[in-house]
4 protein chains.
Amino acid sequence: MKHVAVFGAGRIGRIHAGNLARLPGVKLDFVCDPMGDSAAQLAQQLGAQVGDIDAVLANPAIDAVVIGSPTSTHSDLITRAAAAGKHIFCEKPVDLSVPRAIECGQKVAAAGVACMIGFQRRFDPTFNEVRRRLDAGEIGNPEMLVITSRDPGAPPVAYIQQSGGIFRDMLIHDFDVFRWILCADGDEAAWLSATGSVLTDPAVGEAGDFDCTAVTLRTKKGRLCQINTTRRAAYGYDQRFEVLGATGLLQAGNHTPTEVRQWNASGIHADKPEDFFLQRYAAAYRLEIEHFFECLQSGAPFRTTVQDGVKAQILADAAAESARTGRPVEL
Amino acid sequence: MKHVAVFGAGRIGRIHAGNLARLPGVKLDFVCDPMGDSAAQLAQQLGAQVGDIDAVLANPAIDAVVIGSPTSTHSDLITRAAAAGKHIFCEKPVDLSVPRAIECGQKVAAAGVACMIGFQRRFDPTFNEVRRRLDAGEIGNPEMLVITSRDPGAPPVAYIQQSGGIFRDMLIHDFDVFRWILCADGDEAAWLSATGSVLTDPAVGEAGDFDCTAVTLRTKKGRLCQINTTRRAAYGYDQRFEVLGATGLLQAGNHTPTEVRQWNASGIHADKPEDFFLQRYAAAYRLEIEHFFECLQSGAPFRTTVQDGVKAQILADAAAESARTGRPVEL
Amino acid sequence: MKHVAVFGAGRIGRIHAGNLARLPGVKLDFVCDPMGDSAAQLAQQLGAQVGDIDAVLANPAIDAVVIGSPTSTHSDLITRAAAAGKHIFCEKPVDLSVPRAIECGQKVAAAGVACMIGFQRRFDPTFNEVRRRLDAGEIGNPEMLVITSRDPGAPPVAYIQQSGGIFRDMLIHDFDVFRWILCADGDEAAWLSATGSVLTDPAVGEAGDFDCTAVTLRTKKGRLCQINTTRRAAYGYDQRFEVLGATGLLQAGNHTPTEVRQWNASGIHADKPEDFFLQRYAAAYRLEIEHFFECLQSGAPFRTTVQDGVKAQILADAAAESARTGRPVEL
Amino acid sequence: MKHVAVFGAGRIGRIHAGNLARLPGVKLDFVCDPMGDSAAQLAQQLGAQVGDIDAVLANPAIDAVVIGSPTSTHSDLITRAAAAGKHIFCEKPVDLSVPRAIECGQKVAAAGVACMIGFQRRFDPTFNEVRRRLDAGEIGNPEMLVITSRDPGAPPVAYIQQSGGIFRDMLIHDFDVFRWILCADGDEAAWLSATGSVLTDPAVGEAGDFDCTAVTLRTKKGRLCQINTTRRAAYGYDQRFEVLGATGLLQAGNHTPTEVRQWNASGIHADKPEDFFLQRYAAAYRLEIEHFFECLQSGAPFRTTVQDGVKAQILADAAAESARTGRPVEL
């Protein structure tokens, strides 16, 4: 039985807590959150106790911590948990600062604990099936990747102001997908060009950010990747990619709430995609936390490591620079 | 907190037990099965105890029983549970004999307990969304229903011999869907014609059964329904229907494991449907047991009652007779 | 060069005339129609002359006639053309009376001319590809066929009154598809059950007809077929079928005007099917007339003969009787 | 009646000749081609005569010429036809040299003749329906465009060597689609970044070209466009785009030969796209030549002018430069 504490009882913390509480062989002992009420409510619902971070880290009965607190706390909590000898699952990103993220990775390595970063898209059943077929050679050598990654609506400007910008906040996932899908054989990005616009709300521009972006990457092996994103897709949350290989194409499509088609005088109508990331990636969140505990049990390596987190952030930083200067970045 | 016992630790009993064990406000206390090992394994996995049916029924702490044991035990267990004052969830069918099913319903009514029959398709998210849109008037008055209901492969002949025949064993669900979708306003079947063939395995015919059937129903209001079934759809489990209304059409399609499309020189390839009923109706099984306990809590009526079970079986009997005699049946 | 006259300058006559006028090796010499203006307009548009039927039949330069005049004139014109030694393409049906249709076929045979009946669906690229794959054994032995055949709106009651009824007027095509798809190895219908309703307009019932029908056929080899039709599909012209075989399923879907998908807050919207038969079967009409002249040239047999016409009408008559009496018909 | 000569009896010349020969009010008088046999064969098939370019241009009976000869002859033939007072339809591109294309346009304007450039994609029913819905405001202000444009296989290296490179040879169409879809309100490209790789055949690189490219454009109004292309899509000819607007998304999908779906144990299989441009754009070629003659008749402006040809080539040149230097181009 693995004994676990969850740090953070907000939206994402609740997801992870709910999922791990259902796993056989896992026991959620503590929920920690500065907002005591949130922690108490979540703890009660799942048969756990409210805990204090220092006490939890000092508690020898605790094997692992799951960090779902705000981004700004991640690297500090990872570092402290590593120092306390706890295994760690932490939501992406490691840190908005690449140097701090690297340092964090070094401390984790030094402590000898296992640390997984939550890039949940790698656990989505559809995305993961693409990866499996690539591994099986079903479309040959991958050559091009097109990622469509669109949010259903912009967050409040206050959020945007402290988000680190759209490349670090939103495209970080897409950079990880790029690496996962196109660089699995050790390839890496060699050249990146990014541009962006403000088309939905001038306040986004006033906050120094973009709401629509277009990024192109070329790898050392000459593979090409294009990413298009917007903060506002009026039709909902749009998460697709397609990878072209030497002998075929693999498309990963959206998931929908139902398989109903309605035919009437104006056409044939299907569901729009699942609402937002909590719905779209519900299975992925379940599967990634399961993967974390399975790897802890078996000693197998995690699918997503601190190194993956660092590398995605380096690409996000490069994209932000490229969009700012209007020039490509060599990596 | 509702205290519950599950009767039956086989395939379907395990599904219900696993689902109800996750519900807040519900406590699985006992698992009962003549196969002591199965019961013990399931009980241990879910933190329950192995129980004895008589003891459970005599136990005043138990509020409800969930019956997932073999068909031949259903009406007896329902009757005993009702007599013991327990609320009941029972897998379909109530009984292969319509008179016994009717009698069973009378005893339940007399005992004043709540009894829900598990027609899980009514809880499938896709099917249920069709029902919702019909209620919302989105295609006007329903006029025709076409049900495609195909199993991925025939069960062993030994199963078929004691199954009651394809109409009672397999189409019982389709007759319930017919009533649910086309007769929600109090309409009922007025005329039924059925025919069948043995095309997959002569042993099915030797067992006195069919493996492919075609049924047509006409309701009192003149609505038409066609049902086509086979025991063996080489491509998998195929569960679709479409209902035509005065102003449009609603189609309920299959669910698939992923949304991957693979394009190559031979075409564009999508997933086949989910493997079989445990996969296809996984969400439906979760939602129906949730519905059972919500109704127990709120006092709201169940979506599927003993009456629904009886009426579906009357149609199954009529279809068997029609296919045997080659003549339609007036209802 | 084959010299041709077209009888009938109405909707369907214009289609055939326009298509054959484009064929290399074919020369449209005459257009004949009691409505002189229609004939003159069509003849002028295609560089032909207005003709008189008797004169055309007496004209030794004319090799073939294409009959697109009203149904009631078909068997008489076929008979006269055969007697005059002309090859014949005639729109379905041969005659609303089966005995007259049979007699017509005998006269054609006696005259030794070639006669093709226009069941255009057999030339639709999608439907024909299904036939090709069946021939190639791609789904093994065919077992079940489900035909969805729905018109976008009822014709005037005056038309219905003289149409011969929905089974002869509309389902004649579906009975031909049934025979073409399910009976290609010499199988034939052995049992038929039909029912119908009046759900769209009471005037249809007052005219002694139905507007919705459900037909089931079983063949000598035990194959099953279900056909569902309506005169009014509010969403348009719906022409689909699917055939289940021992190793797979082949679906023939609708054609659409474009491949545009529109995504917005209410869903993902595709085109409804092509408007009606002239649009849906535009390619089929082109290909069937091409087939007619190719066979004349090569001496190969036609894909659709007078015998096919007769057999489809026998099924239509049987369906009308079954729906009237409420009893199945043995064939 | 408009009298026409076609210059070029190769693949594309035959398409245009065949299409215009069917138009009412249009008479194909001459076919001109240095390959006398090709000209003779085409002329005979369509009831025209073999002609000589000088004689045709001097013939006062000829109203218009349709140029489908090799690219290197386009601007010269346009100039000579304009000087002779003939109206002109010319296949894209005007000229591989932008200055020569501009000069050509000036001579056409000075001559006062009408000149249409054949960007057939603007006449594709699916693509054109997207344009119509944009005009109707169905997705609001357009913001992003993603173009997928993939050929089924690379042409011979000899072709590539004299093609002007992938940007001028293949993406010229995509640059025109970009302008047509995203810049209809007078917007224009302001910034372009392109990159490319050689992944299919080293000989392409030795010829100084790419076989895979990724282009990004930003317009003056901040709209974004990404184009991905390859010379070799193993699954066929892939021609899709999607445009995101403020209130929705419009997708233009591929066309397929049939609407057959085959279901079997390995999945559900649909047709791959139409083979190549002659199949995919068959309707577009018909409609563009019809548009040419309709505009000649009515005096309405052409949908695609020499100016459009010049502007697409400027973008192609910019892309070639950007891919060569690794730096974006300001326009």
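Every heavy atom of this structure was used, including side-chain atoms; hydrogens, water molecules and symmetry mates were not. Note on naming: letters A, B, ... go to the chains in the order of the sequence lines (proteins, then strands), and numbering restarts at 1 for each one.
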**OP:** Among the options K221(A), R327(A), R240(A), E330(A), pick out the one with the most heavy-atom pairs lying under 4.5 Å from chain D.
**Re:** R240(A)

Original post:
Counting N and O atoms only, with roles assigned by atom type, does the side chain of R218(D) sit under 3.5 Å from a partner on the main chain of T195(A), one being a donor and the other an acceptor?
Top reply: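 No; zero donor-acceptor contacts below 3.5 Å.
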
**OP:** Please flag which part of I227(D) lies under 4.5 Å from any non-hydrogen atom of chain A: side chain, backbone, both or neither.
**Re:**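 Backbone of I227(D) only, per the 4.5 Å heavy-atom cut-off to chain A.
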
Original post:
Which bit of T229(D) comes within less than 4.5 Å of chain A, counting heavy atoms only: side chain, backbone, both or neither?
Top reply: backbone

Subject >> Result of checking D201(A), D211(A), D169(A), D238(A) against R231(A) for salt bridge (charged side-chain N to carboxylate O under 4.0 Å, His left out) >> reply: D169(A)

Original post:
Considering only heavy atoms, which portion of V198(A) lies under 4.5 Å from any heavy atom of chain D: side chain, backbone, both, or neither?
Top reply: neither

**OP:** Give, as side chain, backbone, both or neither, the part of L224(A) having an atom under 4.5 angstrom from any heavy atom of chain D.
**Re:** side chain

Subject >> salt bridge (charged side-chain N to carboxylate O under 4.0 Å, His left out) evaluation trace for D176(A) with R121(A) >> reply: CA-CA 9 Å; D176(A) 183 61; R121(A) 294 190 194 178; over 6 Å; no

**OP:** State, to 0.1 Å, how close F175(D) and F167(D) come at their nearest heavy-atom pair, and which atoms those are.
**Re:**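 Heavy atoms only, the tightest pair is CE1-O, 4.1 Å.
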
**OP:** Determine the minimum heavy-atom distance between V157(D) and A203(D), stating which atoms define it.
**Re:** CG2-CB, 3.5 Å

**OP:** Between chain A and each of A233(D), C212(D), G196(D), A246(D), count heavy-atom pairs under 4.5 Å; write down the option with the most.
**Re:**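 Counting heavy-atom pairs under 4.5 Å, the top option is A246(D).
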
**OP:** Tell me, out of T216(D), T247(D), L244(D), L249(D), who's got the most heavy-atom pairs with chain A below 4.5 Å.
**Re:**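 Max contact count across the listed options: L249(D).
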
Subject >> Pair F127(A) and F241(A), ring centroids less than 6.0 Å apart >> reply: yes

